[in-house]
Amino acid sequence: SVSKDGKTLYLHVLEWPESGEIELTSPSAVSGATYLASGAQVEHKCNDDTVTFTLPAKPIDEYDTVIKVTLADDPVSRAGACDSEKIAVSSFCESLVPGKFILKAKAGWWNWGMAPIYDEKGKLHIFNSSIPFKGEKGMGFWQTKSIINHYVADSIEGPYTFLGTVFSSDEATYHNPQISKVGDTYVLVFLWKKAAKGSMQSIGIATAKSPCGPWTESPLNPIIRPSRVPGSPNATHASNPSFLVDREGKYRIYYKSISDRKPALRTISLAIADHIEGPYRDHPDNPLITYEELGIDIEDPYAFFYQDTY
């Protein structure tokens, strides 16, 4: 995953690549890269449209090795390029202005992601992951101690009121929520993973009649889990779900999947159910979206159904 602060990108390497390399498409040319923890230089090579980083055999940090990527001064150079070739800037991009800072994490914690929804009275509810710092190294605890918090505001720019923690457990991590509404029922899907070392990422779901709860987890949780079937699209990984109701009234969850094939590239798979709580069955044509033949990852989908189009 990638976060951005001005002309600096922070590349979070959460799963160490067996190939020893990782590729990044950036919003402008890259002028340098270092490991955040040590300041040591990261070997990298600029290609036509990507930057390839060469990594050591073992992670710098067990959970989250952060690479600080410094961008060139030119903000409109071609994504990932190491030259100053220009592209046109759309009127939409030019119309964007910085918004107000709206949601500060409490001391010693990260806020991660944001799942918004309006209630019947027009109030805006925000559900997000919150992760305790792992010393000075950042968000390494996301795989074991992430929780989901709930905020509400009268407008997009706030102010936001913290209403409480929706999901938290010493035995599992709750991460990357996404919220929807089906009829009179609110539906929250999320990454779910046992806190025990070596456990695999899976997907959970919960429902409520109000965004303020009470929330009820499906008795079938985790509703989507790694199949552990050799050669299957999700043999080792299922996470970061996106939920919708399809044209036929069935319930779909698009999610990040990883096979046991080498190299282990991320793909997008689909599971479908007749009931919100499940059971969810994987689509026979999974993965639905893959660039494995190009050696390229794809992850963290957001799917929606609008005007009869997915």
[Y] and [X] aromatic ring geometry - parallel, tilted or perpendicular at 30°/60° bounds:
{"X": "His150", "Y": "Phe127", "value": "parallel"}
{"X": "Trp110", "Y": "Phe133", "value": "perpendicular"}
{"X": "Tyr174", "Y": "Trp192", "value": "perpendicular"}

So how far is it from [X] [atom1] to [Y] [atom2], rounded to the nearest 0.5 Å?
{"X": "Lys250", "Y": "Asp274", "atom1": "NZ", "atom2": "CG", "value": "3.5 Å"}
{"X": "Ile298", "Y": "Glu292", "atom1": "CD1", "atom2": "CD", "value": "11.0 Å"}
{"X": "Ile258", "Y": "Ser232", "atom1": "CD1", "atom2": "OG", "value": "12.0 Å"}
{"X": "Asp285", "Y": "Leu270", "atom1": "CG", "atom2": "CG", "value": "9.5 Å"}
{"X": "Leu14", "Y": "Gln201", "atom1": "CG", "atom2": "CD", "value": "8.5 Å"}
{"X": "Ser129", "Y": "Asn111", "atom1": "OG", "atom2": "CG", "value": "9.0 Å"}

Tell me, yes or no, whether the heavy-atom count around [X] atom [atom1], taken from other residues, nucleotides or ligands under 6.0 Å, exceeds 12.
{"X": "Glu18", "atom1": "CD", "value": "no"}
{"X": "Ile156", "atom1": "CD1", "value": "no"}
{"X": "Arg281", "atom1": "CZ", "value": "no"}
{"X": "His275", "atom1": "NE2", "value": "no"}

Would you mind reporting whether [Y] and [X] have side-chain heavy atoms less than 4.5 Å apart?
{"X": "His237", "Y": "Lys256", "answer": "yes"}
{"X": "Leu191", "Y": "Tyr255", "answer": "no"}
{"X": "Gln178", "Y": "Phe243", "answer": "yes"}
{"X": "Val182", "Y": "Tyr251", "answer": "yes"}
{"X": "Phe167", "Y": "Glu217", "answer": "yes"}
{"X": "Ile148", "Y": "Phe190", "answer": "yes"}
{"X": "Tyr310", "Y": "Arg247", "answer": "yes"}
{"X": "Ile147", "Y": "Trp109", "answer": "yes"}

Nearest heavy-atom pair of [X] and [Y]: which atoms, and what distance?
{"X": "Ala235", "Y": "Pro226", "value": "O-CB, 3.7 Å"}
{"X": "Ala33", "Y": "Ile67", "value": "CB-CG2, 4.2 Å"}
{"X": "Pro116", "Y": "Leu124", "value": "CB-CD1, 4.0 Å"}
{"X": "Ile60", "Y": "Trp16", "value": "N-CH2, 4.2 Å"}
{"X": "Leu24", "Y": "Phe53", "value": "CB-CE1, 3.8 Å"}
{"X": "Trp142", "Y": "Thr173", "value": "O-OG1, 2.8 Å"}

Is the closest side-chain donor-acceptor distance between [X] and [Y] under 3.5 Å?
{"X": "Ser202", "Y": "Lys193", "result": "no"}
{"X": "Asn286", "Y": "Asn234", "result": "no"}
{"X": "Asn176", "Y": "Asn240", "result": "yes"}
{"X": "Glu157", "Y": "Ser155", "result": "no"}
{"X": "Thr70", "Y": "Thr8", "result": "no"}
{"X": "Ser257", "Y": "Ser269", "result": "yes"}

- Message: Quick one, Tyr35 with Thr65, criterion side-chain contact (heavy atoms from CB on, under 4.5 Å). Give me CA distance, side-chain angles, the key distance, then yes/no.
- Response: CA-CA 8 Å; Tyr35 292 107; Thr65 296; 4.0 Å; yes
Flag yes if [X] and [Y] sit in one hydrophobic cluster, no otherwise; membership is Ile, Leu, Val, Met, Phe, Trp, Tyr, and two members link when side-chain heavy atoms are under 4.5 Å apart.
{"X": "Ile289", "Y": "Ile203", "value": "no"}
{"X": "Ile205", "Y": "Leu220", "value": "yes"}
{"X": "Phe162", "Y": "Met114", "value": "yes"}
{"X": "Ile276", "Y": "Ile223", "value": "yes"}
{"X": "Tyr302", "Y": "Ile272", "value": "no"}

Yes or no on salt bridge (charged side-chain N to carboxylate O under 4.0 Å, His left out) for Lys181 and Glu120, after CA distance, side-chain angles and deciding distance? CA-CA 11 Å; Lys181 190 178 183 186; Glu120 294 84 354; 2.7 Å; yes
Do Arg252 and Tyr280 meet the cation-pi criteria used here (NZ or CZ under 6.0 Å from the six-membered ring centre, within 45° of the axis)? no
Does the [X] side chain pair with the main chain of [Y], one donor and one acceptor, at a distance under 3.5 Å?
{"X": "Ser218", "Y": "Ala206", "value": "no"}
{"X": "Asp297", "Y": "Arg266", "value": "yes"}
{"X": "Ser259", "Y": "Pro233", "value": "no"}
{"X": "Thr290", "Y": "Pro287", "value": "no"}

I would like to know whether Asp184 and Lys209 meet side-chain contact (heavy atoms from CB on, under 4.5 Å); could you show each step before the answer?
CA-CA 6 Å; Asp184 63 351; Lys209 294 301 181 182; 3.1 Å; yes
*CA sep, side-chain torsions, deciding dist, call: Glu171, Lys194, salt bridge (charged side-chain N to carboxylate O under 4.0 Å, His left out)*: CA-CA 6 Å; Glu171 299 179 356; Lys194 289 184 178 179; over 6 Å; no
- Task: Starting from the C-alpha separation in whole Å, work towards a yes-or-no answer on side-chain contact (heavy atoms from CB on, under 4.5 Å) for Tyr254 and Leu288.
- Result: CA-CA 9 Å; Tyr254 294 84; Leu288 294 191; 3.8 Å; yes
Item to complete: Any chance you could lay out the side-chain hydrogen bond (donor to acceptor under 3.5 Å, both in side chains) test for Asp260 and Thr236, step after step, and finish with the verdict?
Response: CA-CA 6 Å; Asp260 57 347; Thr236 64; over 6 Å; no
Apply side-chain contact (heavy atoms from CB on, under 4.5 Å) to Val245 and Phe305, showing your working. CA-CA 7 Å; Val245 182; Phe305 184 58; over 6 Å; no
- Message: Using a strict threshold of under 4.0 Å (side-chain N to carboxylate O), is an ion pair present between Lys197 and Glu62?
- Response: yes
